[in-house]
Amino acid sequence: SIPRANMADDYYEDEVPIPARSEEWDGTVIPTGLVDNIPQYMLPEPVKKYLIHFHAKFRSSITDVESLYEMGHKKLTEKFFRDQAWPSGEVIAPLVRNDAAFLIFYKELQFRHIYASLQPTIEQRLDSFRNYEQLFKFVLESKDLGSLKLPDRWLWDIIDEYIYQFQSFTQFRSKLTSRSESEIAILKSNPRTWNIQGVLSTLQALVDKSNIKAILGGAPHEHGSSSLEMLGFFSIIGLLRVHTLLGDYHLALRTLDVVELSKKSMYARVPSCQITVFYYLGFCYLMTRRYQDAVRIFSNVLVYILRTQHIHTRFVSGYDNISKKRDQLFNLLALANTLHARRIDENVHTQLTEKLGTERIQRIRAGDETVMEELFRFGCPKFISPVAPDYDAPPQNSVMDPHRLQSRLFLEEATAYLKLSTCRSYLKLYSTLPLAKLAKFLDMEPDKLRAHLLCYKHKFNQLVWTSGPVSSGTRTSPDDVDFFINGDMVHIADVKVARCYGEYFIHQMDKKIF
């Protein structure tokens, strides 16, 4: 989303006399009713005016709320709260007439800033979780949601941040050697906090309440609240992300089956959401041995990022996250394109070569596990464990265990896949070949070679998506060599399909037009 000209300037750029100590506010909670008497250095006047206006527009103007959220909040943060937290809800409550709904959403912003710019304490992590519980309870039970004017970007950021804080907490509790005894005691006494069942149940409840699956299937809109529908849609993306972080790639793909991959899809309204969808979808394809689909997804989203990066740089908040995701995608594309060589966009190919270097790409193709592990470690998401550690056992760090497991599984599959390429290079030279002769070339026993060839047929047989749900596909062999074994003879057929240049030029013209 591209924000309009900044409409919030009136609230923090006017000539308000602010004492020199205006940036020294320490976040002290002031009792309700005393805000008007707070010294200027405790609650800067521009912040007061901004919050009052933000609250006034919260239920009346989505365009103003969008500008206040994306531009006003960012500018005030840089001016007053770069190294400290925003005022607590108790401090600002009188300014916003103790509006419970506004305070819930304000606190979400407050805790998000703490996570982004400061180091949250364990108490702040617990408080943020409780605030999310109140926020989603309000969404699921309140009839007032339709009156709120929340931009799509804010709704997406709520779901995105909710999953990020859940992910951060699971990593926090897994580093027990870095935790104090009091912190471990707090973790042990709060087993429900950021519990995996609770997170999945909350996201699923938002999907069900919004009826978004039926709406995506063509059903009429029932709630009259676009905010609820967008939250439901973004929760589907959230479920895709959580299942991927847990390593359940097949369930993650099935979760996304209701979403149509097109330029008119709801995810296209928020650039960071669109990139998230394609990143996790491509990664699920990569981990389920659907390398051709993975290359297609990674290449397409990188084309989108490269063509729109000038817009992201100027207008979209969180560009650093998009830039990091782009670098991750290049690493994953290098791995996928090594396992299934396919023509990709020339600009993407050029950028890929520049970022990784020709030498590293050649080492990947040669099956260098060190380089492959390095690219996978940087490109993959930060996996999490669904269960809490044993707080009664001697403290240990288990935060990297999920990553090591997924990395080992991928490397085992990838190296086995690349070793089969040697067999493929011999098969391409013959139309018929005795099994014993091929065994001699490969320095293998004939019986082991027969099993090796069966493994080849299995590994190179992939699901390839053509249309419909993203988890579906047609079982095909994307390889240009096919064979069968008859007795002790291997019969090879060249199944390379001649390229259709007419379709290629039409596709290129479509890309230029749209």
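Positions are given from 1 along the sequence.
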Once you round to the nearest 0.5 Å, how far does [atom1] of [X] lie from [atom2] of [Y]?
{"X": "Ile159", "Y": "Ile237", "atom1": "CD1", "atom2": "CD1", "result": "10.5 Å"}
{"X": "Ser398", "Y": "Arg173", "atom1": "OG", "atom2": "CZ", "result": "9.0 Å"}
{"X": "Ile196", "Y": "Phe166", "atom1": "CD1", "atom2": "CZ", "result": "3.5 Å"}
{"X": "Gln328", "Y": "Phe378", "atom1": "CD", "atom2": "CZ", "result": "6.0 Å"}
{"X": "Ile114", "Y": "Ser128", "atom1": "CD1", "atom2": "OG", "result": "8.0 Å"}
{"X": "Ile212", "Y": "Phe234", "atom1": "CD1", "atom2": "CZ", "result": "9.5 Å"}

Using a strict threshold of under 4.0 Å (side-chain N to carboxylate O), is an ion pair present between Lys324 and Asp327?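 Salt bridge: no.
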Any sub-3.5 Å donor-acceptor pair from [X]'s side-chain atoms to [Y]'s backbone N or O?
{"X": "Trp465", "Y": "Pro469", "answer": "yes"}
{"X": "Asn486", "Y": "Met489", "answer": "no"}
{"X": "Tyr162", "Y": "Leu203", "answer": "no"}
{"X": "Thr170", "Y": "Ile384", "answer": "no"}
{"X": "Asn190", "Y": "Ile186", "answer": "yes"}
{"X": "Gln406", "Y": "Gly247", "answer": "no"}
{"X": "Ser265", "Y": "Ala268", "answer": "no"}
{"X": "Arg475", "Y": "Asn461", "answer": "yes"}
{"X": "Thr308", "Y": "Tyr304", "answer": "yes"}
{"X": "Asp368", "Y": "Thr370", "answer": "yes"}

With side-chain contact (heavy atoms from CB on, under 4.5 Å) as the test, would you mind laying out the steps for Arg360 and Met372 before giving the verdict? CA-CA 9 Å; Arg360 293 179 75 192; Met372 294 176 67; over 6 Å; no
Indicate yes or no: at least one non-hydrogen side-chain atom of [X] is less than 4.5 angstrom from one of [Y].
{"X": "Val295", "Y": "Ile344", "value": "yes"}
{"X": "Ser272", "Y": "Asn321", "value": "no"}
{"X": "Leu150", "Y": "Met230", "value": "no"}
{"X": "Val199", "Y": "Asn195", "value": "no"}
{"X": "Cys423", "Y": "Leu442", "value": "yes"}
{"X": "Phe483", "Y": "Leu433", "value": "no"}
{"X": "Glu183", "Y": "Phe172", "value": "yes"}
{"X": "Asn347", "Y": "Val303", "value": "no"}

Within a radius of less than 6.0 Å around [atom1] of [X], do more than 12 heavy atoms belonging to other residues, nucleotides or ligands occur?
{"X": "Lys355", "atom1": "NZ", "result": "yes"}
{"X": "Arg82", "atom1": "CZ", "result": "no"}
{"X": "His250", "atom1": "NE2", "result": "no"}
{"X": "His349", "atom1": "NE2", "result": "no"}
{"X": "Lys175", "atom1": "NZ", "result": "no"}
{"X": "Glu359", "atom1": "CD", "result": "no"}

Given the rule in the side-chain contact (heavy atoms from CB on, under 4.5 Å) test, do Leu228 and Asn211 qualify, once you have shown the distances and angles that lead to the verdict? CA-CA 9 Å; Leu228 179 59; Asn211 199 35; over 6 Å; no
Which heavy atom of [X] sits nearest to which heavy atom of [Y], and what is that distance?
{"X": "Leu245", "Y": "Pro381", "result": "CD2-CB, 3.7 Å"}
{"X": "Asn131", "Y": "Glu108", "result": "ND2-N, 3.4 Å"}
{"X": "Leu463", "Y": "Ser471", "result": "CD1-O, 4.4 Å"}
{"X": "Leu352", "Y": "Ile361", "result": "O-CD1, 4.3 Å"}
{"X": "Gln167", "Y": "Lys382", "result": "NE2-O, 2.7 Å"}
{"X": "Lys74", "Y": "Glu70", "result": "CB-O, 3.7 Å"}

Please check if any side-chain donor atom of [X] sits under 3.5 Å from a side-chain acceptor atom of [Y], or the reverse.
{"X": "Thr244", "Y": "Arg241", "answer": "no"}
{"X": "Tyr115", "Y": "Glu161", "answer": "no"}
{"X": "Asn397", "Y": "Thr177", "answer": "yes"}

Let me know which of Val207, Val470, Ile236, Val242 forms a side-chain contact (heavy atoms from CB on, under 4.5 Å) with Thr255.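 The option that passes is Ile236.
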Is there a side chain to side chain donor-acceptor pair (under 3.5 Å) between Arg125 and Ser168 once you walk through the steps? CA-CA 9 Å; Arg125 293 176 187 270; Ser168 175; 3.0 Å; yes
Residue pair Asp488, Arg450: steps toward the salt bridge (Lys or Arg N to Asp or Glu O under 4.0 Å) verdict: CA-CA 9 Å; Asp488 293 331; Arg450 190 182 295 272; 3.4 Å; yes
Phe383 and Tyr249 aromatic ring geometry - parallel, tilted or perpendicular at 30°/60° bounds: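 Ring orientation, 0 to 90° scale: perpendicular.
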Kindly say whether the aromatic ring centers of Phe283 and Phe298 come within a distance under 6.0 Å.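 Judged by ring-centre distance (under 6.0 Å), Phe283 and Phe298 do not meet the cut-off.
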Listed once per pair and sorted, the salt bridge (charged side-chain N to carboxylate O under 4.0 Å, His left out) pairs that draw on residues 398-417, sequence neighbours left out: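 Salt bridge (charged side-chain N to carboxylate O under 4.0 Å, His left out) check on residues 398-417 returns Arg289-Glu413, Asp401-Arg404, Arg408-Glu412, Glu413-Lys459.
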Is [X] positioned over the aromatic face of [Y], cation under 6.0 angstrom from the ring centre and no more than 45 degrees off axis?
{"X": "Arg153", "Y": "Tyr69", "result": "no"}
{"X": "Lys188", "Y": "Tyr391", "result": "no"}
{"X": "Arg112", "Y": "Tyr164", "result": "no"}

Steps toward side-chain contact (heavy atoms from CB on, under 4.5 Å) verdict (Asn337, Tyr291): CA-CA 8 Å; Asn337 206 36; Tyr291 303 124; over 6 Å; no
Which is it for Leu216 and Phe233 under the side-chain contact (heavy atoms from CB on, under 4.5 Å) test, yes or no, and what are the steps along the way? CA-CA 9 Å; Leu216 293 173; Phe233 180 82; 4.1 Å; yes
Kindly indicate, with the supporting measurements, whether the criterion salt bridge (Lys or Arg N to Asp or Glu O under 4.0 Å) is fulfilled by Asp257 and Arg254. CA-CA 5 Å; Asp257 277 346; Arg254 291 198 299 272; over 6 Å; no
